[in-house]
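All remarks here apply to the structure that follows.
In the text below, chain A, chain B and the rest are named by the order of the sequence lines, each starting its count at 1. These figures come from a predicted structure and were not determined experimentally.
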Protein chains: 4
Amino acid sequence: MTDRSINKNMPRTEEQYEEIRESRRNMIMETALELFAASGYHNTSISMIAGKAGISKGLLYNYFEGKEELLNAILDKGIQELMLFFDPNKDGIITEDELRYYIDELFVILRERREYWRLYFAIALQPLVFEKVYNKAADLTRVYLGMIIRYFREKGFDDPETEGILFHMLLDGISLNYIMGPDEFPIEKVKNLLYNKYLNCKNK
Amino acid sequence: MTDRSINKNMPRTEEQYEEIRESRRNMIMETALELFAASGYHNTSISMIAGKAGISKGLLYNYFEGKEELLNAILDKGIQELMLFFDPNKDGIITEDELRYYIDELFVILRERREYWRLYFAIALQPLVFEKVYNKAADLTRVYLGMIIRYFREKGFDDPETEGILFHMLLDGISLNYIMGPDEFPIEKVKNLLYNKYLNCKNK
Amino acid sequence: MTDRSINKNMPRTEEQYEEIRESRRNMIMETALELFAASGYHNTSISMIAGKAGISKGLLYNYFEGKEELLNAILDKGIQELMLFFDPNKDGIITEDELRYYIDELFVILRERREYWRLYFAIALQPLVFEKVYNKAADLTRVYLGMIIRYFREKGFDDPETEGILFHMLLDGISLNYIMGPDEFPIEKVKNLLYNKYLNCKNK
Amino acid sequence: MTDRSINKNMPRTEEQYEEIRESRRNMIMETALELFAASGYHNTSISMIAGKAGISKGLLYNYFEGKEELLNAILDKGIQELMLFFDPNKDGIITEDELRYYIDELFVILRERREYWRLYFAIALQPLVFEKVYNKAADLTRVYLGMIIRYFREKGFDDPETEGILFHMLLDGISLNYIMGPDEFPIEKVKNLLYNKYLNCKNK
DNA sequence: CATGAATGAGGTTTCATTCAT
DNA sequence: AATGAATGAAACCTCATTCAT
């Protein structure tokens, strides 16, 4: 920046390189996610990704060790973004307001990252390969399920554990249908019914 | 079989040939399903399938036009089996008993054909390629959803349509978790909670 | 560039630059030799060399035109070092003492530059590519062989030419085994046997 | 052959397939050996091998798991051929006649399989990679060295162990020079000197 | 002088599919 | 009906080298 701005023949600074790398990396990941989601992981070739990203195949390998690592990076990033959203105050307790907020945000996330989540489901169902990422999500699920069960217990539900599991599965099913289903998904109606069933409720 | 023991060159009847073809076809499909479910569609080669089925690659192409047709046949068959099970008397109406039976049978099916359904979900989430099969399943879903909604309407639920959709999604979520999840899935508890929520209910 | 001469940027003298270049060049060559010897020429990438040498890939190309030239430089340097050692007084005659000295030094060289010689042998056996270097070594061999033969002739051996060739080949074989072989090579015993066979001898 | 000659639409018999595979495999190995020896292992691509062999790249992988396995197969075969030649009567003892025979045969082998042995030396000097084959050769060397030492001991040499090692190294050196060197190698002279030094000898 | 992002040609490998037998 | 050798297109990946900065 200082001396370097005077002499153009200096190499880039570390920060400049870091910046280039970071933005390129993100660009590649976004491009790959679009293609993975549009055509599936196995049907998307490195050539396609590089082509759509406007870079050479070789460069892609400068940023990711291989196709699988690229996918892992994409999935990790999605999980991390999701983690930021859960239980923001990190007290491990979910209140009624927080649950409403959570339900609202779930639909926001699903809408905004629909492609990501379609990919995630598709990958998660591929056997054998992506246990690492799957385990990460499983960790997240466990924590979140614990909080949900606690919520149901304090709300006085008869069998808070099963109820929590059922609630969790319901959200899975909603997510799945929202992601795969037609565009005329009745978001508002579903949301209201969730409110009625699990919020403001004087017990079950 | 018997005739053949007398004169080796006794030609098989048309039906015998047809029978042999049919059973061999099924055998190939079962073998392929196992491998697809164990390793994923793209990671399973025709060689592997033929090898495990004990036949040559060439012969496999005598039974299926290609890998994709083989997959389609597997998925079609699964859907057809499922169709046989839904609303057996074809009156389009579901009673409380039938719903209980349906819930019970759902778990039986999931358990017995777990691999098939994992494959089905994984494939269904692969974009672009398998719209045909997906549409078939969608037809099934529509019919079944109509019956569910009618059931909820007659049970006096406030918003039977949304309730039906939610119920459908819940079953999807349960199926998904049952298929993917650990073996200690609390089947009985979930079943009971479903009974309590949707059967014997004095309205919502 | 010139402005830099005013303050702390006092330019280095030509000689200083040359010195820096020379030492850096040597450093790169040593680094490359280690890696070539450890992993083979083809399995060692420019990236690896630059990385281990602590410089950028680009800079390496400032010192060497390419990978092959780098290798040639390494081999040339080794040959040159070797030339310095042979027949230091350049009288073309080898005495008994000089031969003893030569045998001793051979083992010293092999020990100290074992990696270089392993590389050299490996490269020399790669056909087609490195004839230039091979020819250089061949020159050296010819001169040295002439001196050996003369030595054997003066010692009164029956067939000094063949005996010289055999002696040369024996040293090749010893070198090869020393370089490739296990660490428990019986240096002293071999040396003594060489002494007995070719020194102090009352003819054959 | 029998019934099959009548009906042309029968698949080949197992023996026919085995025959095809065996000859193809050998043909590929010979082709690859020529190219490896002519251009070096790393400079020879699968494409080149397949092209020269007149087959598709894919077929080559039907016969060898990869380039390295192809090389291993070539080296193994060479070692095996060599093993057949050593100590044919397997009594573990080498007589004077056998040693003469051995020296003679060594040159025959070197002449006939010169390319193979050049490749073998080049490979053996490649670090890290081909230890398996190298170890096989080491086994062979150990056995053979033991027999040589025993021979020298019975001939009354002073230090039969070192003498044996030296003899072994001499043969290595001769082989190396014969393989790499010019075509005017003085085979007969070298052979005679070997005879004089190590055969018919009344002690050292 | 110095950097490392970027290229692109070329390498190895896979596998659905065909076909002579 | 049955075989498996053979194909070839396309995949993934590597890396020597260039070049804007």
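- Nearest to the side chain of B/S56, among E/dT17, F/dG4, F/dC13, sits F/dG4.
- D/S23 comes within 4.0 angstrom of nothing in the nucleic acid, heavy atoms only.
- In this structure, C/G58 reaches the bases: a heavy-atom distance under 4.0 Å links it to at least one base atom across the strands shown.
- Rounded to an integer number of Å, the gap from B/L70 CG to E/dC15 C1' is 15 Å.
- Distance CG (D/L59) to C1' (E/dT13): 14 Å, rounded to an integer number of Å.
- Distance alone, capped at 3.5 Å, is enough to place a donor-acceptor pair between the D/S23 side chain and the D/I20 backbone.
- Nucleotide E/dA9 has F/dT14 as its partner under the Watson-Crick or G-U criteria, with both atom distances under 3.5 Å.
- In this structure, D/I49 places its CD1 atom 10 Å from P of E/dT13, rounding to the nearest Å.
- One N or O on the side chain of D/E69 and one on the backbone of D/E65 form a donor-acceptor pair closer than 3.5 Å.
- The interatomic distance linking D/L60 (CG) with E/dG11 (C1') rounds to 14 Å, in whole Å.
- Remark on DNA chain F: of its neighbouring residues A/E65 and C/E65, the 5'-side contact belongs to A/E65, judged by nearest-heavy-atom nucleotide.
- Under a 4.0 Å N-O distance rule, the pair D/K77/D/E30 qualifies as a salt bridge.
- You'll find that the side chain of B/R21 is closest to F/dA1, out of F/dA1, F/dA16, E/dA2.
- Per the geometry, CD1 belonging to D/I55 stands 19 Å off P belonging to E/dC19, to the nearest Å.
- The phosphate of E/dA6 (OP1 or OP2) has no side-chain N or O of A/N62 nearer than 4.0 angstrom.
- To the nearest angstrom, C1' of E/dA16 lies 15 Å from CG of B/N43.
- Judged by distance alone, the side chain of A/T31 and the main-chain N or O of A/K52 form no donor-acceptor pair under 3.5 Å.
- Closest to the side chain of C/I46, from the set F/dA1, F/dT17, E/dT7, is F/dT17.
- Counting non-hydrogen atoms under 4.0 angstrom, A/F64 reaches nothing in the nucleic acid.
- Both tests pass for B/R21 against the ring of B/Y63: distance under 6.0 Å to the centre and angle within 45° of the axis.
- We find that OH of B/Y41 is positioned 13 Å from P of E/dC15, with the value rounded to whole Å.
- Looking at D/Y17, its side chain comes within 3.5 Å of the base of F/dT3 through a donor and an acceptor atom.
- Of the listed nucleotides (E/dA2, F/dC12, F/dA1), F/dA1 has the atom at the smallest distance from the side chain of B/R24.
- Here E/dC15 presents its C1' atom at 15 Å from CG of B/L35, a figure rounded to the nearest Å.
- Within the 4.0 angstrom heavy-atom criterion, base atoms lie near C/K57.
- Among F/dT18, E/dA2, E/dA16, the nucleotide with an atom closest to any side-chain atom of B/Y61 is E/dA16.
- In this structure F/dA6 sits in a base pair with E/dT17, meeting the Watson-Crick or G-U test at under 3.5 Å.
- Annotation: of the two residues near DNA chain F, A/S45 and C/S45, the 5′-most nearest-nucleotide partner is A/S45.
- Note on D/R25: nothing from the nucleic acid sits closer than 4.0 angstrom, heavy atoms only.
- With D/Y41 as the aromatic partner, D/K67 meets the cation-pi criteria of under 6.0 angstrom to the ring centre and within 45 degrees of the ring axis.
- Along DNA chain E, the nucleotide nearest to B/T44 and the one nearest to D/G66 differ in position, and the one closer to the 5' end is contacted by D/G66.
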